[in-house]
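Just so it is clear, the values below take in all heavy atoms, side chains as well, and ignore hydrogens, waters and symmetry mates.
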Amino acid sequence: MPNNLMTVSQAAEYLKVCDKTIRRLIAKQELTASKVGNSWRIQRGDIDKYLSKNSNLVK
């Protein structure tokens, strides 16, 4: 089973944005994340949901 949890840096790399953008999305509760110690972890499925929700395709 592949690991589907990402750090902020990994999520930023996946979306081709900076870490600050990911942290901003988490703070605005636009991207679901879990706090583990002092670090955020984001599930790949939540990133894909975010992308689908913010797509410009007509559904």
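- Here the closest non-hydrogen pair linking E30 and K53 is O-NZ, 4.1 Å.
- Taken to the nearest 0.5 Å, the SG atom of C18 stands 6.5 Å off from the CZ atom of R24.
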Derivation and outcome, side-chain contact (heavy atoms from CB on, under 4.5 Å), residues T32 and Q43: CA-CA 8 Å; T32 304; Q43 292 187 9; over 6 Å; no
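- With hydrogens and angles ignored, the 3.5 Å screen pairs a side-chain donor or acceptor of S52 with a backbone N or O of D48.
- Note that the OH atom of Y14 and the CG atom of L51 stand 6.5 Å from one another [nearest 0.5 Å].
- Of the inter-residue distances, the one linking D46 atom CG with L25 atom CG reads 12.5 Å to the nearest 0.5 angstrom.
- Shown here is K35, whose NZ atom has more than 12 heavy atoms of other residues, nucleotides or ligands within 6.0 Å.
- Counting all heavy atoms, side chain and backbone alike, D19 lies closest to V8 at O-CG1, 3.7 Å.
- The line from CZ of R41 to CG of N4 is 12.5 Å long, rounded to the nearest 0.5 Å.
- Tracing side-chain contacts under 4.5 Å through hydrophobic residues (I, L, V, M, F, W, Y), one reaches I26 starting from V17; they form part of the same cluster.
- The line from OG1 of T7 to CD1 of I22 is 10.0 Å long, rounded to the nearest 0.5 Å.
- Annotation: the span from N54 atom CG to K49 atom NZ amounts to 14.0 Å, rounded to 0.5 Å.
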